[in-house]
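Worksheet for the structure shown next.
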Amino acid sequence: MKIDGVRPYVLEGLRHAFHPRRIAVAGASRHAGKLGYEVVQALRQQGYRGEILPVKPRAKEIQGLQAYPSLRAIDGPIDLAFLALPAYIVKSAITDCAERKVKVAAIAASGFKELGNAPLQDEITGFCRTRRLPLLGPNLLALGNPHFPFSCGLTSYNALPGHIAVVSQSGATLLAALGYSSTHTFGISFFAGLGNKADIDFSEFIAYAGEDANTQSIALYIEGLDSEEAFVESCRAVVPRKPIVALKAGASAIGGLAAMAHTASEPGAADEHYDRLFERAGVVRVRTLQELLDASLALSSMPPALGPNLVVVTNGGGSGLLAADECERRGIALQTLSCLSATLDARIAACAPRAASHLNPIDLGAASTADAYCNVTLRLFADRSVDGVLVSVCPTSITDIRKITGKLIELADREKEHRKPFIVELQGGGDCEAAIQHLRASGIPAYPTPEQAVAAFAALRASARLRETLPDRDAPHSRIDDLQQAALSLSQPGTNGALGIP
Amino acid sequence: MDAVKRKDAGKWRDEFRLPPRGIGHLEPGMIDPGSNDMLAFHIAKSAYQVRPDIWNLAWLGKETGLPKGELEKRIRSLYDRRILMLAAVPAVQVYGYGLYYWFRKFRPGTLGGVKLLAAQAAQKNGAIWEGLETTGAFDLVQGACTPTLDQLFWNILLPTAAHEHFEWTRICPIARALRAEHMNLWDAPAGKDREYEWGADEPAALLKAQQQIDEADVRLLLGLNRKRAPQDYFDFRALAEASGLDARTLETGVERLLLETRQLVPIVYLNWQMLGLTQTIFAVRLRQSVTIDRRSQLADELTAIAEFHTIWQFADAHYDLGLMACTQTANIAALRRRIEEIAEVDLVDEGQAHRQYRCWGCRLDDASGMWEQCVAPGAAVAEARA
């Protein structure tokens with residue numbers, strides 16, 4: 001439902017939604033396999049240290065926790081009410097939420113606008129807005145904060161704590177990101193699967209992400225935007241500090257209809273409209289789910305690329321060529337070293353193996369060592385004409401992947417004052433995959449193909465270009481730091497948290 | 001037996017016509033259990049525990065003579081004490097399921113621990129629709145709804161814990177469900193469905209047999225279950241308020257369910273085990289020469305005996321009829337005599353039920369901590385398959 005701009009009470013609700021001290025689960029179940037069972041079980045297993053309040057009129061106890069007959073029967077504040085209830089009883093629970101002054105409510109049920117039941121969704125949304133009760137969903141898959149930690153919804157994945165906010169209208173896409181998180185070292189600051197997003201708008205999640213200290217980049221999966229101007233305004237306020245990357249689905253004719261059936265997203269304007277909208281908002285647009293994950297990873301851990309001049313360093317000619325081709329396709333064609341700088345070629349030649357090619361890509365040869373990689377990379381970091389470095393490592397039998405990776409991590413850490421995008425690509429087997437995870441855990445975006453690595457750089461470049469069109473803004477005063485400080489104390493076992501939880 | 005005379009059998013056949021399971025639907029499996037017609041029941045089932053106002057208290061007040069506040073207080077108290085539970089008995093065949101019951105007997109000398117394990121396994125098995133523990137001619141009476149007999153056998157019976165300890169298992173597919181827990185179902189003789197039957201002396205006997213409910217509670221129980229017009233069941237404005245849906249739409253759905261499709265029968269179940277009561281179950285076999293239509297006719301005739309609070313007619317089974325009566329409120333010896341007087345009866349096995357752990361997919365035993373945990377027929381089958 002449309003909004004004119006970010007609503008302060010919603011922003012306040014989101015602060016509680018992602019740092020909930022007390023979570024009520026209405027529709028908590030004693031039956032394994034039901035959502036209301038899985039949510040309670042997941043909260044307990046994830047080590048959530050707040051209070052879980054199961055609501056079930058038929059039960060006195062659920063999974064060892066006292067059950068309440070209704071939300072009204074709970075004493076004390078409720079930060080998040082997660083409604084694992086069928087659609088036909090949601091209204092009653094929402095009324096109880098409003099009476100109990102719950103900070104934010106989340107509706108998991110489907111069966112609203114996406115199935116033709118728009119009047120009910122609109123009535124509930126209107127009621128929530130009148131009572132200033134921020135509402136997530138309906139048709140919401142999950143929300144959570146791996147730093148807190150907690151996760152509520154239809155997911156069994158424990159996301160890795162990190163710096164990427166994932167806000168997805170699609171549950172499937174969110175699940176992909178959550179699943180990818182722990183297996184591919186994709187650290188998440190918070191996540192939400194919005195479903196029908198009847199009330200809380202994308203723009204409000206973006207505003208929240210803007211003030212969330214753990215978030216460094218924002219990944220959006222969008223099927224439709226209800227409030228385009230609010231979205232643009234919110235993005236423009238956040239992008240100077242935190243890049244945003246968006247995947248907009250439903251561009252095809254049938255896709256638009258499917259989006260309506262999926263999350264009740266109105267068939268929108270032509271796809272080119274969103275190109276212009278994202279450009280105006282300063283948002284990097286990507287076309288595939290993999291790109292969304294790759295770009296948001298790079299944007300969360302690397303500074304924007306202030307220029308297009310990428311230099312590729314490799315020990316494999318083929319991977320270098322593939323990277324070069326991809327750069328050209330993406331409009332950031334590689335320049336030779338001599339074109340970039342009068343002295344760069346000579347400085348590289350001085351430290352590279354004798355047989356190395358000094359074009360761009362710089363091919364160090366199959367026998368390249370960790371020292372050779374680091375010497376060349378160090379000089380590229382130091383050269384002001386170079387806007388980014390992509391290191392590609394191919395695992396020959398004499399390539400010491402672990403040593404190269406370790407040295408590159410040390411180098412990147414030592415030379416970080418250059419504030420220059422640094423991306424690594426390793427194409428090969430299990431040793432390469434392990435090295436990628438190691439690099440990612442050390443804050444370096446790493447990928448298994450040249451195309452992915454170049455796309456990540458392209459996103460960093462696009463982010464910088466888009467930022468240049470926006471006014472820089474100071475971060476607004478943030479209460480989130482206080483809440484996160486409290487969350488930190490919650491996550492320390494044996495401490496009496498600042499939130500008052502024993 | 002006076003309900004239908006033998007000489008009227010031809011007329012009875014013409015009237016009854018033996019349609020599929022005697023119900024007014026077009027074709028099995030064509031009615032969606034999640035259809036909008038079901039919404040009012042779904043809302044009521046989710047809300048009545050904390051909102052007694054979803055009942056039509058105005059109608060109920062006139063019926064029982066109890067004021068509104070008293071009604072609400074008593075309904076909540078009876079629910080909180082696990083004595084009453086709202087259920088909607090679904091004619092599962094219209095969803096595409098068959099309803100199968102079975103009687104089981106442990107081998108002589110089976111240890112109590114084995115019986116306990118078997119009971120616990122059944123209690124946990126979401127595919128079990130109804131379950132009774134008995135003593136006497138049989139030890140367990142259970143039921144499940146599955147699409148086919150094959151699925152019952154492979155998915156439910158074979159995986160049952162401790163089955164090697166059973167001497168026999170008698171599968172009894174339900175041909176007609178005429179009455180359950182005093183409530184006449186869709187297969188009751190024409191016009192008698194939804195009628196709540198107690199023997200004339202039974203309410204008084206019920207009051208003498210236990211101390212947990214009083215005369216006003218019994219009046220309330222009878223009122224809640226009285227056959228009435230669809231609009232008198234619920235306060236549709238309260239249901240609309242709880243759900244955000246249109247009151248008229250909800251009411252129309254109940255009208256369709258009760259008067260047209262007749263795919264379910266509402267009942268407020270009396271949890272007899274909570275009152276310390278027990279049940280007598282008669283498993284009756286008819287002589288093999290008795291014709292199919294006569295078997296149905298006999299089942300119909302037995303509905304005239306109100307003390308039989310549950311009446312099943314089985315098909316192609318060891319037993320042809322299952323009959324239940326409350327041991328403390330009915331004259332069991334007289335009932336047995338009436339059965340034995342029927343010329344076509346070949347065998348009467350008798351068991352005493354002291355524990356009912358599930359009914360219509362809802363768990364009843366509060367001691368298990370799973371009171372009113374319900375499993376829908378589809379979910380039950382899926383669970384059994386898993």
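Below, chain A is the first sequence line, B the second, and so on; all start at residue 1.
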- Item | Contact origin within B:Y48 toward chain A - heavy atom pairs under 4.5 Å | neither
- Do B:Q49 and A:K56 have side chains that get closer than 4.5 Å, going by heavy atoms? no
- Answer yes or no: does atom CZ of B:R237 have more than 12 heavy-atom neighbours from other residues, nucleotides or ligands under 6.0 Å? no
- Item | B:D366 portion near chain A, given a 4.5 angstrom heavy-atom threshold | side chain
- Task: Using non-hydrogen atoms and a 4.5 Å limit, figure out which bit of A:N117 sits close to chain B: side chain, backbone, both or neither.
- Result: side chain
- Counting only heavy atoms not in A:Y157, do more than 12 fall under 6.0 Å of its OH? no
- Item | Nearest-0.5 Å distance, CG of residue B:L39 to CD1 of residue A:I89 | 10.5 Å
- State, yes or no, whether a side-chain contact exists between A:K91 and B:L245 at a heavy-atom distance under 4.5 Å. no
- Message: I'd like to know whether A:K34 forms a side-chain contact (heavy atoms from CB on, under 4.5 Å) with B:Q373, so could you lay out the CA-CA distance, the side-chain angles of the two residues, the decisive distance to 0.1 Å, and finally the verdict.
- Response: CA-CA 11 Å; A:K34 289 198 170 184; B:Q373 176 67 49; 3.8 Å; yes
- Note on the structure: Between A:P57 and B:S46, the two heavy atoms sitting closest are CG-O, 4.3 Å
